[in-house]
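Have a look at the structure below before the remarks.
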Number of protein chains: 2
Amino acid sequence: MPAETRVNKVAKVDASSARPDSAPLTERQEARRRRILHASAQLASRGGFDAVQMREVAESSQVALGTLYRYFPSKIHLLVATMQDQLEHMHGTLRKKPPQGDTAAERVAETLMRAFRALQREPHLADAMVRALTFADRSVSPEVDQVSHQTTAIVLDAMGLENPTPEQLSAVRVIEHTWHSALITWLSGRASIAQVKIDIETVCRLIDLTEPKEPR
Amino acid sequence: MPAETRVNKVAKVDASSARPDSAPLTERQEARRRRILHASAQLASRGGFDAVQMREVAESSQVALGTLYRYFPSKIHLLVATMQDQLEHMHGTLRKKPPQGDTAAERVAETLMRAFRALQREPHLADAMVRALTFADRSVSPEVDQVSHQTTAIVLDAMGLENPTPEQLSAVRVIEHTWHSALITWLSGRASIAQVKIDIETVCRLIDLTEPKEPR
DNA sequence: CGGTAATCTAGAACAAGTTTCAGACTTGAT
DNA sequence: ATCAAGTCTGAAACTTGTTCTAGATTACCG
């Protein structure tokens with residue numbers, strides 16, 4: 001009945017690592033998806049959010065505009081997916097060289113600063129991804145949540161926690177809030193790199209507050 | 001030489017309270033500006049960010065589209081200005097009934113929760129303003145900075161501080177980061193009201209950390 | 001194989017933000 | 001009162017995200 005192995009509604013799912021969603025993709029479809037994400041990241045690296053124009057992405061990835069929209073129902077979806085993709089990279093990289101700090105707070109701050117430095121190397125890409133992330137509305141919630149969970153996983157990794165308490169989870173959320181918002185102020189030129197560093201270090205002190213004695 | 005009392009480039013400035021910018025506005029211009037902001041807030045209250053359509057704003061405020069763009073060079077500028085406007089209100093309101101908490105942290109948390117409840121009454125308006133704020137790029141930096149300063153003033157008021165230390169300023173920045181980001185997650189349905197409350201209370205604990213000995 | 005349903009393509013069409021332009025209107029100065 | 005310069009208006013044009021359509025392709029089932 002179907003054609004290229006059905007892809008029910010939107011092929012927004014799955015892929016290499018962690019996206020156990022609805023439908024498996026054909027190899028050609030997987031290739032298309034990858035081409036699209038690659039084109040997206042490339043255009044974003046050049047000129048940020050505005051440079052990622054749907055027609056251009058379609059052309060660069062040799063896919064019809066309609067197809068692009070079948071895979072990613074909006075520009076925001078596309079950029080959030082691009083961010084998921086990049087985050088996976090980063091998490092992998094971080095796993096290999098875990099932070100060295102003595103306290104959880106230090107390790108988290110170090111991890112975030114490492115990520116920050118990576119973003120500084122591709123400020124336009126960072127701009128596109130972060131702007132998309134914060135501009136996303138309800139229709140993108142599932143994808144944004146994925147990004148959020150991935151980020152949480154990275155932070156918890158750095159803390160070395162298996163079973164965080166609700167209190168600690170709240171602290172982690174606050175750290176992520178700060179992380180996102182600080183990135184935005186940096187990207188829009190309203191805060192210096194030094195200031196972002198200070199703010200990250202400041203918020204990480206919250207961790208100590210939630211780790212009084214025995215992490216039972 | 002000029003006409004309606006020159007307004008050099010953009011009439012983006014000034015107004016009632018705090019915007020000591022370049023050019024004074026004619027009464028008619030002041031009235032136009034006010035009509036525009038009113039229309040903006042009204043449309044935003046109805047349907048949020050998307051409902052604020054420039055053509056509609058122009059029509060509602062009985063101003064030509066070109067004029068609207070002369071006053072506010074982009075939709076984002078318009079919405080950020082709308083936010084400045086609303087913030088002034090709020091700051092005024094808060095001044096009248098200062099928070100009651102014993103510690104600075106409590107007072108700040110109470111203040112922010114009060115603001116949060118106000119936003120809950122107009123979720124669409126909140127959506128429009130916050131989305132605009134975080135989506136703003138460099139071209140809107142001055143205006144966004146104003147909003148940021150206004151927010152800082154509110155928080156410092158709640159803390160009862162005259163001369164904050166750099167450390168405390170960083171804590172305040174982190175609080176604002178959390179505030180913005182938490183609002184976004186709430187607006188996009190990814191966090192509950194309760195969670196926002198918890199996160200605000202959590203981040204406010206940072207204040208105690210920066211207030212070593214004698215507070216008052 | 002052949003059939004059929006889903007997918008992909010090319011391109012037009014639409015929507016909303018932004019720009020542009022000619023002409024009418026105001027303002028402050030002479 | 002007149003005038004020069006800046007402002008406002010109305011309307012069209014342009015840009016980019018998004019939707020739609022008709023026809024060509026592809027995948028899988030029997």
Side-chain angles (χ1 to χ4, degrees), chain A residues 1-12 22-33 35-36 40 43 47-80 128 131-132 135-137 139-140, chain B residues 1-12 22-33 35-36 40 43-44 47-79 128 131-132 135-137 139-140:
Chain A
M1 301 117 171
E4 269 193 34
T5 306
R6 92 242 52 138
V7 176
N8 267 326
K9 197 59 171 305
V10 171
K12 68 181 170 199
S22 38
L25 299 189
T26 301
E27 234 170 89
R28 305 184 59 193
Q29 291 181 316
E30 186 53 43
R32 268 185 214 114
R33 184 175 195 283
R35 285 206 305 279
I36 293 173
S40 168
L43 287 170
F49 188 88
D50 292 333
V52 181
Q53 304 195 351
M54 299 306 266
R55 285 174 241 260
E56 294 245 333
V57 173
E59 193 172 349
S60 291
S61 48
Q62 295 183 286
V63 136
L65 190 55
T67 305
L68 171 54
Y69 272 96
R70 171 185 280 277
Y71 281 72
F72 302 96
S74 79
K75 174 170 174 173
I76 301 292
H77 282 84
L78 171 57
L79 285 173
V80 171
R131 296 266 288 288
F135 193 63
D137 65 5
S139 72
V140 204
Chain B
M1 305 118 169
E4 268 193 34
T5 305
R6 93 243 50 138
V7 175
N8 266 326
K9 196 62 169 301
V10 171
K12 68 183 168 198
S22 36
L25 299 189
T26 301
E27 235 169 90
R28 304 183 60 192
Q29 291 181 316
E30 187 53 44
R32 268 183 214 116
R33 183 174 196 280
R35 284 205 306 278
I36 293 173
S40 168
L43 287 170
F49 189 88
D50 294 332
V52 181
Q53 304 195 350
M54 299 305 267
R55 286 174 240 260
E56 295 245 334
V57 173
E59 193 173 348
S60 291
S61 47
Q62 297 183 283
V63 136
L65 190 55
T67 305
L68 171 54
Y69 273 95
R70 170 186 281 277
Y71 280 72
F72 303 96
S74 78
K75 174 171 174 170
I76 300 292
H77 281 85
L78 171 57
L79 285 173
R131 297 265 289 288
F135 193 63
D137 65 4
S139 72
V140 203

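Throughout, a chain's letter reflects where its sequence line sits, starting with A, and its residues are numbered from 1. If you're wondering where the values come from, they're calculated on a predicted model, not measured in any experiment.
At whole-Å resolution of the value, CZ in R70(A) and C1' in dT19(D) are 13 Å apart. In this structure, NE2 of H77(A) is placed 11 Å from P of dT19(D), rounded to the nearest angstrom. For the pair K75(B) NZ and dG17(C) C1', the computed distance is 8 Å after rounding to whole Å. Distance CD (E27(A)) to C1' (dT26(D)): 15 Å, rounded to an integer number of Å. Per the geometry, CD belonging to E30(B) stands 15 Å off P belonging to dT27(C), to the nearest Å. Atoms CZ (R32(A)) and P (dC8(C)) sit 5 Å apart, rounded to a whole Å. Distance, R28(A) CZ to dC28(D) C1': 14 Å, rounded to whole Å. Put simply, CZ on F135(A) is 12 Å from C1' on dG17(C), counting in whole angstrom units.
Near DNA chain D, meaning a heavy atom under 4.0 Å away, the residues from residues 54-63 of chain B are R55(B), Q62(B), V63(B).
Using a 4.5 Å heavy-atom cutoff, the side chains of F72(A) and R33(A) are in contact. Here the side chains of T26(A) and R32(A) are not in contact, with every heavy-atom distance at 4.5 Å or above. Y71(A) places none of its side-chain heavy atoms less than 4.5 Å from the side chain of H77(A).
Across A128(B) and G48(B), no two heavy atoms sit closer than the pair CB-C, 3.8 Å.
Checking dG17(C), dT26(D), dC8(C) against the side-chain heavy atoms of Q53(B) singles out dG17(C) as nearest. With dT18(D), dT9(D), dT18(C) as the candidates, the nucleotide lying closest to the side chain of A64(B) is dT9(D).
Separation of atoms CG (L79(B)) and CZ (R131(B)) is listed at 10.5 Å; rounding is to 0.5 Å.
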- Show your reasoning for whether side chain to side chain contact (heavy atoms under 4.5 Å, CB included) applies to L78(B) and M54(B). CA-CA 9 Å; L78(B) 171 57; M54(B) 299 305 267; 4.1 Å; yes
Distance-only donor-acceptor hits, side chain of residues 58-67 of chain A, under 3.5 Å, sequence neighbours excluded:
from	atom 1	to	atom 2	distance (Å)
S60(A)	OG	E56(A)	O	3.1
S61(A)	OG	V57(A)	O	2.5
S61(A)	OG	A58(A)	O	3.4

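For F49(B), the ring-ring contact (aromatic ring centres under 6.0 Å, His included) partners at least two apart in sequence or on another chain are F135(A).
Side-chain nitrogen and oxygen atoms of Q29(B) include none within less than 4.0 Å of the OP1 or OP2 phosphate oxygen of dT27(C).
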- Message: I'd like to compare against my own output: the B/S/- annotation of nucleotides 19-24 of chain C with a strict under-4.0 Å heavy-atom distance to protein.
- Response: B-----
